[in-house]
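Here the structure is laid out as C-alpha cells; the discussion comes afterwards.
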Amino acid sequence: MGPFPQVLPVPDALSDTFRVIDLCGVLLNGILGGLIARRKNFDLVGFIVLAIITATGGGILRDVMIQAGPPFALTDPYYLYTACLGAAVAWFVPMNGRRSRRLLVVADAVILGCWAATGASKALLNGLGLMPAVLLGCLTAVGGSMIRDVSVGETPAVFGGNKLYAVPALVAALTQVAAVHAGLPDAYAMVGSTAIGAGLCLLAYWRSWKLPVVTDLERRRLRARTPATPD
C-alpha cells in the first residue's frame, strides 16, 4: 500500500499560503490608502504615497526594530509593486457600493489577524521575548494605518472612538506567542492566530464594540453625582 494521504498541509505550503495572504494584504491596504487619498482629493502621487505607507509601513517599522537586515518590503520588489497596484485600483474604482465596503471589511479583518501573527512570529524567530513579540505583532498590523493617518493630519483611528482594531491585533499576536511557546508548529499557530484575530475584528465590527474613552467615564461620574429628578 502507498503512503497515507497527507491531511494537513506541510509547513512550506503554509508559508507559501501566508505569503499570498501577505501580498493580498499589501494590495488591500494599498487600496485603503488610495481611498483615503480619494477622500482628501489628492493627486496620483498622493495616492501612491499613501498606498505604500499604509501597505508597508507596519512591516518596515517591525523589521527596522528587529534589526535583522533590510526591511523585507524593500528587498522584495513584489511588495512595492503590489502597493502601487492598490493605488491604481483606488484611483480608477471609487468602491462606494455596500458590497465593496463589506468585502473590504472582511478582507481587512483577515489581513489584520495575519499581519499580527506574522509580526509576532518574526520577532520570536529572531530571539525576542514575549512582550516584544506581542508589541511587534500589533505594530505590524496597525503601524501603516497610524503613519497614514498622521500623514494626512488626522488622529490615528486606533487611538480610540472607533470599533475595536488594535485589540484584535493584540489578541492575535498573543495567541501566536502562546501557541508557539506551547510547542505548536509556527505555521499552524499562524492559522489559528489569524482566524482568532479576524473573527474578533469582524465580531467587533458587527456588534459595534468600542473601548471606553475618557469622556465616557466623565459622563458616568457626572450622572452618578447628579441627583435624580423627582416625578
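Numbering of residues begins at 1 and proceeds along the displayed sequence.
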- [ ] Verify side chain to side chain contact (heavy atoms under 4.5 Å, CB included) between T56 and I60, making sure each step is shown before the conclusion.
- [x] CA-CA 6 Å; T56 64; I60 290 175; 3.7 Å; yes
Open item on the list: Does N41, at its CG atom, have more than 12 non-hydrogen atoms belonging to other residues, nucleotides or ligands within less than 6.0 Å?
Closed with: no
- [ ] For A133 and A123, work out which heavy atoms get closest and say how close.
- [x] CA-CB, 3.6 Å
Open item on the list: Would a single hydrophobic cluster contain both V134 and V180, if residues Ile, Leu, Val, Met, Phe, Trp and Tyr are joined by side-chain heavy-atom contacts under 4.5 Å?
Closed with: yes
Open item on the list: Could you measure the distance from the OG1 atom of T140 to the NZ atom of K122? Nearest 0.5 Å is fine.
Closed with: 8.5 Å
Task: Heavy-atom check, side chain of T155 versus side chain of D149, under 4.5 Å - done: no
Task: Sub-4.5 Å side-chain heavy-atom contact between C84 and I52 - done: yes
- [ ] Kindly give the heavy-atom pair with the smallest separation between V110 and T194, and that separation in Å.
- [x] O-CG2, 3.7 Å
- [ ] Decide whether W206 and V171 are clustered together by the hydrophobic rule: side chain heavy atoms of Ile, Leu, Val, Met, Phe, Trp, Tyr closer than 4.5 Å, transitively.
- [x] yes
Task: Atom pair CD1/OG1 of I31 and T82 - distance to nearest 0.5 Å - done: 11.0 Å
TODO: List the atom of L44, the atom of W91, and the distance in Å for their closest heavy-atom pair.
DONE: N-CZ3, 3.5 Å
TODO: Is it possible for you to say whether Y165 and V106 belong to one hydrophobic cluster, with membership spreading through side-chain heavy-atom contacts below 4.5 Å?
DONE: no
Open item on the list: Counting neighbours of CE on M95 that are heavy atoms of other residues, nucleotides or ligands and sit closer than 6.0 Å, is the number greater than 12?
Closed with: yes
Open item on the list: Within this structure, what is the CG-CE distance for the pair L136 and M131, rounded to the nearest 0.5 Å?
Closed with: 10.5 Å
Task: Interatomic distance, N29 atom CG to W115 atom CH2 [nearest 0.5 angstrom] - done: 4.0 Å
TODO: Measure the CD-CG distance between Q176 and L184 for me, rounded to the nearest 0.5 Å.
DONE: 8.5 Å
Task: Closest contact, heavy atoms only, A141 versus A169 - done: CB-CB, 3.8 Å
Task: Gap separating the CZ atom of F92 from the CZ atom of R38, nearest 0.5 angstrom - done: 10.0 Å
Open item on the list: Could you walk me through whether V152 and F42 satisfy the side chain to side chain contact (heavy atoms under 4.5 Å, CB included) test, starting with their C-alpha distance in whole Å, then the side-chain angles of each, then the deciding distance to 0.1 Å, before giving a yes or no?
Closed with: CA-CA 10 Å; V152 298; F42 287 174; 3.9 Å; yes
Task: Joint hydrophobic cluster, I53 plus L85, side-chain heavy atoms closer than 4.5 Å - done: no
Task: Derivation and outcome, side chain to side chain contact (heavy atoms under 4.5 Å, CB included), residues I36 and L32 - done: CA-CA 6 Å; I36 299 295; L32 293 176; 5.9 Å; no
- [ ] Write down the atom of G197, the atom of P168, and the distance for their closest heavy-atom approach.
- [x] O-CB, 3.6 Å
TODO: Check for a donor-acceptor pair, side chain of S121 on one end and backbone N or O of A117 on the other, with a separation under 3.5 Å.
DONE: no
TODO: Kindly indicate whether the side chain of D22, heavy atoms from C-beta on, has any atom under 4.5 Å from the side chain of Y78.
DONE: no
Task: Side-chain heavy-atom pair M190, D186 within 4.5 angstrom cut-off - done: yes
Open item on the list: When you compare the side chain of V64 with that of L61, does any pair of heavy atoms fall below 4.5 Å?
Closed with: no
Open item on the list: Is there a path of hydrophobic side-chain contacts, each under 4.5 Å between heavy atoms of I/L/V/M/F/W/Y residues, joining V45 to L50?
Closed with: no
Task: V142 and L112: CA distance, side-chain angles, deciding distance, side chain to side chain contact (heavy atoms under 4.5 Å, CB included) verdict - done: CA-CA 8 Å; V142 305; L112 174 80; 4.2 Å; yes
TODO: Check A173 against G137 and note the closest heavy-atom contact, atom names and distance.
DONE: CB-CA, 4.2 Å
